Protein chains: 2
Amino acid sequence: MTVNLKDVKQIFREKQYKLTTQRQLILQTFFDHPGQHLSAEDVFDIVRRDSTEIGLATVYRTLELLSELDFLQKIDFGDGRNRYEINTSNEAHHHHHLICLTCGKVRECDDDLLEALEGSIARKNNFEIVDHHVKFFGYCQECREKREE
Amino acid sequence: MTVNLKDVKQIFREKQYKLTTQRQLILQTFFDHPGQHLSAEDVFDIVRRDSTEIGLATVYRTLELLSELDFLQKIDFGDGRNRYEINTSNEAHHHHHLICLTCGKVRECDDDLLEALEGSIARKNNFEIVDHHVKFFGYCQECREKREE
DNA sequence: ATAGCTGCAAAAACTTTGCACATAA
DNA sequence: TTATGTGCAAAGTTTTTGCAGCTAT
């Protein structure tokens, strides 16, 4: 189930959060940039560029709220700032991240195999798993080709 | 192969880095706190508590150096600061982290099964994988028991 | 009408940097 | 001896907070 504006509106109504212009603009930014991992500053710049006034503090507060509501996922790629991506699903299916150690580019990769591991790890450790983050570090095709030139 | 002081001394000699008192104290801190994920401030406090003077900037610089040399591994648990753990191996074998969403405690868990996945993901995505980080989020036994009380 | 939200600016929290002095090799 | 490393303080970044005014509901 992909997050859409209707879901958001409903949850906001249920939880009695106000659906302000700023909050909609921030959400729209994520809809407009699928598969990207935006930082607070990124979102701020994008909304501002589209000629609307917004405060950086509001961006931070909204990203926090949307993460709590599980519409966004907070991720750290080791570049000293938090990044967010829109949740494509409320279910357990995830994608993972391939992070190139040369160019720093982050690519997504699908994989369902990890779900199987979860069960065995949960049992072995008596730990109820509700989510996982997996990052693979290495070298992308482009950088490997350049290296050989 | 577990990192020990002899390895470190040798690599330092090879790379012409000076093995200063401060660097030894910081390494010793990790030897003295196995399985812990220490922040710069943690290390700073521990070394200071043991009555030796050290500067916070030196701690940051040393943690950076030891990470580059692969003696330490930098990890982010989402608490707004970098944490480090001593590398128990130079080989591909890793442990993963179980992070409790209630109490925030981080536990390690061994698992070799992911190595198998790596091959298939690397092939499918044409990406040369050299490392991976896996974090599982959920609820530890203690917190689940408390919840039921 | 009013509880909740925003923008601004100030502050907090973490990390990096410049520089004079100190020290391992 | 001298290239490196250290400590301090200052500066840089990212994120949070206080507060007066604004706005969805």
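Below, read A as the first sequence line, B as the second, and so on, with proteins coming before strands; counting in each chain starts at 1. Bear in mind the structure is a predicted one, so any value in this text is a computation, not a measurement.
With D:dC8, D:dT17, C:dT16 as the choices, the nucleotide that has an atom nearest any side-chain atom of A:Ala57 turns out to be D:dT17.
In terms of phosphate contacts, A:Tyr60 brings a side-chain nitrogen or oxygen within less than 4.0 Å of OP1 or OP2 of D:dT15.
Between the CZ atom of B:Arg13 and the P atom of D:dT4 there is a distance of 17 Å, given to the nearest Å. Across the protein-nucleic acid pair, B:Leu56 atom CG and D:dC8 atom P stand 10 Å apart, rounded to whole Å. Per the geometry, NZ belonging to A:Lys15 stands 17 Å off P belonging to D:dT25, to the nearest Å. Distance, A:Leu63 CG to D:dT14 C1': 13 Å, rounded to whole Å. Between A:Phe44 atom CZ and D:dT13 atom P the separation is 16 Å, expressed in whole Å. Note: CD (A:Gln24) to C1' (D:dT23) measures 13 Å, nearest angstrom. When the C1' atom of D:dC22 is taken as reference, atom CG of A:Leu19 falls 17 Å away, rounded to whole Å. Separating the CG atom of B:Leu66 from the P atom of D:dG5 is a distance of 12 Å, rounded to the nearest angstrom.
Contact check of residues 72-82 of chain A against DNA chain D (heavy atom, cut-off under 4.0 Å) returns A:Gly80, A:Arg81, A:Asn82.
Within 4.0 Å of B:Arg83, counting heavy atoms only, lies no atom of the nucleic acid at all.
With sequence neighbours left out, B:Lys105 forms a salt bridge (charged side-chain N to carboxylate O under 4.0 Å, His left out) with B:Glu142. Applying the ring pair (Phe, Tyr, Trp, His ring centres under 6.0 Å) test to B:His96 and every residue at least two apart in sequence or in another chain returns B:His132. Legend: residues meeting ring pair (Phe, Tyr, Trp, His ring centres under 6.0 Å) with B:Phe77, ordered by chain and number and at least two apart, are B:His37, B:His97.
For B:Arg83 and B:Asp42, the salt-bridge test passes: some basic side-chain N is under 4.0 Å from an acidic carboxylate O. We find that B:Arg81 and B:Glu41 are not joined by a salt bridge, their nearest charged nitrogen and carboxylate oxygen being 4.0 Å or further apart. A salt bridge links B:Lys74 with B:Glu64: the closest approach of a Lys/Arg side-chain nitrogen to an acidic carboxylate oxygen falls below 4.0 angstrom.
Of the residues near DNA chain C, A:Val59 and B:Ala40, the one whose nearest nucleotide (by heavy atom distance) lies more toward the 5' end is A:Val59.
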Between A:His95 and A:Glu85, does a side-chain hydrogen bond (donor to acceptor under 3.5 Å, both in side chains) hold up when you go through it step by step?
CA-CA 11 Å; A:His95 60 261; A:Glu85 67 176 34; 2.8 Å; yes
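Taken from CD1 in B:Ile46 to CZ in B:Phe30, the straight-line distance is 8.0 Å, to the nearest 0.5 Å.
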Less than 3.5 Å apart, which donor and acceptor atoms pair up between the side chains of residues 11-20 of chain A and the rest of the protein, not counting sequence neighbours?
unit_1: A:Glu14; atom_1: OE2; unit_2: A:Gln10; atom_2: NE2; d: 2.9
unit_1: A:Thr20; atom_1: OG1; unit_2: A:Arg23; atom_2: N; d: 3.3

Would you tabulate the nitrogen or oxygen pairs shorter than 3.5 Å linking the protein to nucleotides 3-6 of chain C?
unit_1: C:dA3; atom_1: N3; unit_2: A:Lys18; atom_2: NZ; d: 2.9
unit_1: C:dC5; atom_1: OP1; unit_2: A:Arg23; atom_2: NH1; d: 2.9
unit_1: C:dC5; atom_1: OP1; unit_2: A:Arg23; atom_2: NH2; d: 3.2
unit_1: C:dT6; atom_1: OP1; unit_2: A:Thr20; atom_2: OG1; d: 2.8
unit_1: C:dT6; atom_1: O3'; unit_2: A:Gln22; atom_2: NE2; d: 2.8

